Structure formats: structure tokens, C-alpha cells
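In this text, all values refer to a predicted model and were calculated from it rather than measured experimentally. Start at 1 and go down the list; that is how both ligands and their atoms are numbered. Residue numbers count from 1 along this sequence.
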Amino acid sequence: MDRLKNKVALISGGARGQGAAEARLFVSEGACVVIGDVRDDLCKTTADEINQRAGGNAVSAVHLDVTRAADWRVAVDACTRMFGGLDVLVNNAGIFNMSGLEDTDEELWDTIVNINQKGVWLGMKEAVAAMRKRGGGSIINISSVAGLTGSTGSTAYHGTKGAVRLLTKAAAVQYGPENIRVNSVHPGIINTQMIDIVPAKMRAELHHVVPLRREGTAEDVARLVLFLDSDYSSYCTGSEFVVDGGLTAM
Ligand code: NAD
């Protein structure tokens with residue numbers, strides 16, 4: 001129950017889905033958490049719900065557009081001001097799109113790259129100084145199985161999630177000597193609002209393909225991220241951790 005005792009975590013895209021599930025789990029393990037999102041009202045509601053359930057003020061909501069360095073500075077400052085520092089960053093915010101290579105226009109490309117790829121770099125850039133002051137930390141970058149394998153669509157999404165995998169390794173090599181660990185997480189098909197755009201027929205067919213024969217839940221991913229945040233993963237850095245029900249084993 002105390003795997004994150006005395007730790008402070010910042011989660012981007014924490015208003016709903018996997019980010020919200022991570023915030024809930026981290027608090028139950030003793031952490032203080034700042035969640036940041038562009039969905040300001042929902043982010044505040046999520047923080048209030050978690051605080052009410054846990055009976056305290058362990059979660060705080062801030063406005064965070066991950067494409068804006070100034071927003072990241074405010075979010076990292078909030079961790080220090082409210083909870084005394086920063087130990088864990090989960091670069092979770094992301095957007096999904098199913099457009100193939102020729103159907104992707106420049107505006108869509110730039111939007112996806114800015115949020116899914118630039119946002120991860122900016123988050124790490126703003127977080128490392130605060131982690132250094134604590135003598136180390138753990139950064140978890142949420143990629144996807146789409147960062148490991150290709151498909152007929154989602155070209156920009158694949159590109160950004162693949163980039164997150166190697167941004168992670170580059171940062172792990174650079175900051176290992178400062179005890180800042182950096183790992184990527186690669187979820188498969190996870191039942192959140194993000195995949196509402198996937199046609200129902202396609203989702204039903206995918207159920208039969210996944211070896212565990214179900215979609216993952218936000219909590220399935222959150223438990224892996226908890227492991228990477230905690231000291232139980234103390235010798236893990238620069239690695240990719242897959243949580244996909246066996247999808248990429250085939
Ligand atoms: P979700 O859509 O429920 O949550 C994503 C959150 O990111 C939302 O709250 C959204 O408001 C926020 N967000 C979007 N743009 C933002 C921005 N510019 N700044 C800050 N926040 C922003 O989806 P989810 O499934 O919880 O996704 C979490 C992560 O998991 C994403 O990086 C996604 O790519 C990845 N992922 C999801 C799946 C899946 O099947 N759901 C699979 C693999 C990877």
C-alpha cells in the first residue's frame with residue numbers, strides 16, 4: 001500500500017483514461033500527484049473525486065497543454081510548491097488518429113507530432129532539474145504497440161510513438177548517471193475514450209486476435225506504470241515495457 005510513499009508524481013493527460021487511473025492508483029500507494037490536461041473542468045473533477053475518495057488533498061489539477069513549455073514550467077512548479085518536489089513524471093497525454101500516409105495532411109501531422117512527440121520531450125526537459133534536486137527520479141513515457149509495429153493506417157501516430165521509444169532510450173543514457181530512470185510503456189488495445197473512433201466491428205474482431213481475448217483496461221496499464229515509478233524497478237532504465245495481452249507476441 002505504500003509503494004510510492006513520500007513520492008510526488010506529475011501525470012500529463014490525467015483528466016481521464018489511463019492518466020486518471022494512474023493518479024488513483026498512485027494516491028492509494030501513498031503518492032501526492034499533480035494531474036495536468038487541456039480538459040480543465042474534467043481534470044479538476046477527476047482530482048476532486050480522487051481526493052474525496054481518499055479523504056485528503058493528495059491530488060491537484062493544473063492546466064497543461066503539453067506542447068507549451070510555459071505550461072510545463074507551471075506544472076513542475078506546482079509539484080514543488082504544493083508537495084515539495086518531483087520524483088515521477090508520466091508523459092501520458094496523447095491523441096490518436098487512424099489516417100494513412102496519403103490521407104494525412106500537414107496540419108494533422110504537425111498536431112500529432114506536437115502533442116505525442118514534442119510534448120514528451122518538453123515534459124522531460126522541464127522535469128529533470130526538479131528530479132536532480134531530489135537525487136533522482138523516474139520518467140515513464142507512454143508509447144504504444146504502435147511504436148513497435150506498423151499497420152495500414154495511423155501513420156503519424158506510429159511515427160510519434162516510435163520516436164517516444166528512442167527519446168526514452170536517449171534520455172535514459174544521458175540521465176542514468178544522475179539516478180533518473182527513463183522507460184517507455186507500450187499499451188495494446190486499451191478500453192478508453194481514445195479508441196471510440198475505432199469502428200465497433202474492427203474492435204470486435206481484435207478481441208479474437210489478442211491472445212488474452214480481451215481489451216486491456218486503464219488499470220492494467222496503471223499497475224505496470226506503478227511498478228516503473230516505484231523502487232521495485234530500481235535497475236530498469238532505457239527499456240520498453242509492453243502491456244498488450246500478447247498482441248505483439250504473434
Ligand atoms: P484518453 O483520450 O482517454 O486520454 C488522453 C488524455 O490526454 C485526455 O485527457 C486528453 O485531454 C489529454 N490530452 C490530449 N491532448 C493534450 C495536450 N495537448 N496537453 C495535455 N493533455 C492532452 O486516452 P488514453 O487511452 O488514456 O491515452 C493515454 C495514453 O496512452 C496516450 O498517450 C495514448 O496514445 C496511449 N495509448 C492508448 C492506447 C489505447 O488503446 N487507449 C493504446 C496505446 C497507447
Side-chain angles (χ1 to χ4, degrees), residues 10-25 34-47 49 61-72 74-76 89-98 108 110-123 126 139-149 151 153-154 156-165 167-168 184-199 202-203 206-207 209-210 214-222 224-225 228 240-245 247-248:
L10 171 58
I11 304 173
S12 70
R16 70 180 197 188
Q18 296 173 46
E22 284 149 14
R24 238 172 259 122
L25 184 61
V34 172
I35 52 175
D37 208 292
V38 285
R39 292 176 206 269
D40 294 327
D41 291 347
L42 184 60
C43 200
K44 168 108 184 39
T45 304
T46 299
E49 262 172 28
V62 296
H63 172 79
L64 171 64
D65 178 343
V66 294
T67 67
R68 295 172 56 88
D71 284 7
W72 274 111
V74 169
V76 171
L89 168 66
V90 187
N91 266 317
N92 164 78
I95 56 168
F96 176 58
N97 188 282
M98 296 179 72
L108 177 61
D110 288 344
T111 302
I112 295 179
V113 169
N114 276 333
I115 295 173
N116 291 5
Q117 184 174 335
K118 180 184 173 190
V120 168
W121 162 66
L122 276 179
E126 296 302 328
I139 298 174
I140 295 92
N141 294 326
I142 306 299
S143 174
S144 167
V145 291
L148 301 172
T149 60
S151 72
S154 306
Y157 189 75
H158 280 293
T160 57
K161 293 300 187 179
V164 167
R165 176 173 171 264
L167 271 171
T168 298
S184 58
V185 163
H186 300 258
I189 305 152
I190 309 300
N191 184 4
T192 66
Q193 280 164 275
M194 175 169 280
I195 60 165
D196 285 351
I197 60 168
V198 180
M202 191 187 285
R203 272 177 82 164
L206 282 166
H207 274 245
V209 176
V210 177
R214 66 171 176 91
E215 292 178 347
T217 64
E219 290 71 26
D220 286 323
V221 180
L224 173 58
V225 177
L228 292 170
E240 51 270 298
F241 291 80
V242 178
V243 49
D244 71 347
L247 187 61
T248 50

May I ask you to identify the nearest protein heavy atom to [atom], giving residue, atom name and distance to one decimal place in Å?
atom                    : answer
atom 5 (C) of ligand 1  : G94 O, 3.9 Å
atom 3 (O) of ligand 1  : R16 NE, 2.9 Å
atom 31 (C) of ligand 1 : N92 O, 3.1 Å
atom 6 (C) of ligand 1  : G13 O, 3.7 Å
atom 37 (C) of ligand 1 : Q18 NE2, 3.3 Å
atom 42 (C) of ligand 1 : G188 O, 2.9 Å
atom 18 (N) of ligand 1 : D65 OD1, 3.1 Å
atom 44 (C) of ligand 1 : S143 O, 3.3 Å

Quick one: does any side-chain atom of [X] pair with a main-chain N or O of [Y] as donor and acceptor, under 3.5 Å?
X    : Y    : value
T149 : A146 : no
W72  : V66  : yes
N114 : T111 : no
N92  : G13  : yes
S12  : A93  : yes
N191 : E215 : no

Which value, rounded to the nearest 0.5 Å, describes the distance between [X] atom [atom1] and [Y] atom [atom2]?
X    : Y    : atom1 : atom2 : answer
E240 : L148 : CD    : CG    : 6.5 Å
L224 : H186 : CG    : NE2   : 10.0 Å
R16  : T46  : CZ    : OG1   : 10.0 Å
I140 : L228 : CD1   : CG    : 5.5 Å

[X] heavy atoms, cut-off 4.0 Å: which ligand 1 atoms fall inside?
X    : value
I142 : 29 (C), 30 (O), 35 (C)
Y157 : 33 (C), 34 (O), 35 (C), 36 (N), 43 (C), 44 (C)
I195 : 39 (C), 40 (O), 41 (N)

Is there any N or O on [X] that sits under 3.5 Å from an N or O of ligand 1?
X   : answer
T67 : no
D37 : yes
V66 : yes

Next item on the list: Please work out whether any backbone atom (N, CA, C, O) or any side-chain heavy atom from C-beta onward of K161 is under 4.0 Å from ligand 1, and answer side chain, backbone, both or neither.
Entry: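 Contact part for K161 vs ligand 1: side chain (C-beta onward).
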
Notebook entry, point to check: What part of F96 sits under 4.0 Å from ligand 1 if we count only heavy atoms: the side chain, the backbone, both or neither?
Noted result: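 For F96, there is no contact with ligand 1 at all, from either part.
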
Check: Which residue from T192, V185, L64, L42 reaches closest to atom 24 (P) of ligand 1 through any of its heavy atoms?
Finding: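 Result: the heavy atom closest to atom 24 (P) of ligand 1 is in T192.
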
Check: Which option, I115, I190, N91, owns the non-hydrogen atom nearest atom 39 (C) of ligand 1?
Finding: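 That would be I190.
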
Notebook entry, point to check: Checking side chain to side chain contact (heavy atoms under 4.5 Å, CB included) against I142, which of V164, N116, N91, V90 comes through?
Noted result: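 That would be V90.
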
